[in-house]
Amino acid sequence: MTPQTYWAEHAWLGMNVEPGVVIETAATGRITAVRTGADGPPAGAVNLRGLTIPGLANSHSHAFHRALRGTVQVGSGTFWTWREFMYAIAGRLTPENYFDLARGVYAEMALAGITCVGEFHYVHHQPGGKPYADPNGMGEALIAAAGEAGIRITLLDTAYVSSGFGAPPDPRQSRFSDGDAQAWAVRASALKGSDHARIGAAIHSVRAVPAEQLATVAGWAAERKAPLHVHLSEQTAENDACLAAYERTPAQLLAEHGVLGPRTSAVHATHVTAGDIAILGTSGTTICMCPTTERDLADGIGPAKQLELAGSPLSLGSDSHAVIDLLAEARAMELDERLQTRVRGHWTATQLLRAATEDGYASLGWPDAGRLEAGALADFTTIALDSVRTVGPPPRLGIEVAVFAATNADVRHTVVGGRHVVRDGAHQLVHHVSADLAAAIGALTAP
Ligand SMILES: [Zn+2]
């Protein structure tokens, strides 16, 4: 990467919005200096007009769900009928068409200010379950797609070996399954990270990995000090089935098998008991909230504030990609809590933005990012403060405006590892993002 000097008209440096901030980036892709009080851009600097913040970390993604957008809003349905549509798309994926779709989705993320994605990836094998010639062909397609779209990825390679509490995978799930956690570990061990990619693990859910195999996945992640993610208590039906099978809640079961801890993220945690909240909080497990998806699937509102007070950091994800807008996810967490409690002000805009940046990055295994400071990875994004949505308040309220009024349409620049990936709202590496998405989704949904 060529060293570059950026001049931010305004920048959020963790606490306050500062005017005139110079950000120097080096060939290593890291920030080497951050200087305030620069009235104008130094010679040769790239001008970032608006409010520059650390890049947004999208901590929970299933890229192929992007093909369901709109379609799953027709008529009515339940979580489980939504899942039927989802399986239909999953059944058609190949390494080639998944690469095309994911490159478009990750480019859409870059355009929305997202610089790092946690891809919770479980479509591993051919329909029927036979491995591809390259058993990691699907995961490698996702890593390559993120590379071409110019963003970082943590591939959370997911163990999914049962259709529910020990039952064998049903035919549509057979391509998700390695057979057992040991075989999953062997395959996942062959995945390699790179400058833009890190490898983590995931347990799809307590439904999809039998209790006696949980420790195998947890141990694999512990050995590598890698992030470990798990869907947790999104639906009450999962809790009921877990209690029936094991006489334990999902959180209790995960704790007993060594799954929880500071490298672990529990996604959703919508229907958890007071005891579960204590278990999750004291273990330091991050909770990844996906408010748009949780609303879309009528899951309910998880107790994010109580989980945070118990000790859990919070992160945010666009999950099913009904929309890809991390600013919307950040404000949704606060606004849902307001509706639930009829009290305002559970999190400040600064705290919400920290979940969308630094804490999200940490949950994906990039503790060296999500802050505008020397030494950090040079990942940042700039939000317009002069659009019809954001104009009016003084720039010192830029964070409040960004979190409570701006949308993905206000993202003007995105820089990843010092590289200017989105410039004045245009993706510099993927030139026709909408057309690419249309073609990729059209190919997957054609009758
Ligand atoms: Zn998910």
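Residues: numbered from 1 along the sequence shown. Atoms within each ligand, like the ligands themselves, are counted from 1 in listed order.
- Here His121 and His124 bring their ring centres to under 6.0 angstrom of each other.
- Counting only heavy atoms from C-beta outward, the side chains of Ile114 and Thr381 never approach each other to under 4.5 Å.
- The neighbour count for Phe85 CZ, taken as heavy atoms of other residues, nucleotides or ligands under 6.0 Å away, does not exceed 12.
- The stretch residues 94-118 participates, sequence neighbours left out, in these salt bridge (Lys or Arg N to Asp or Glu O under 4.0 Å) pairs: Arg66-Glu108, Arg69-Glu108, Arg103-Glu148, Arg103-Asp436.
- Residue pairs meeting the ring pair (Phe, Tyr, Trp, His ring centres under 6.0 Å) criterion with at least one partner in residues 185-218, sequence neighbours excluded, are Tyr122-His204, Tyr160-His204, His204-His231.
- Sorted by first and then second residue, the ring pair (Phe, Tyr, Trp, His ring centres under 6.0 Å) pairs with a member in residues 409-435 read Tyr6-His420, His413-His420; sequence neighbours excluded.
- Take the Zn ion (ligand 1) and draw a sphere of radius 2.8 Å; the protein N/O/S atoms inside it number 3.
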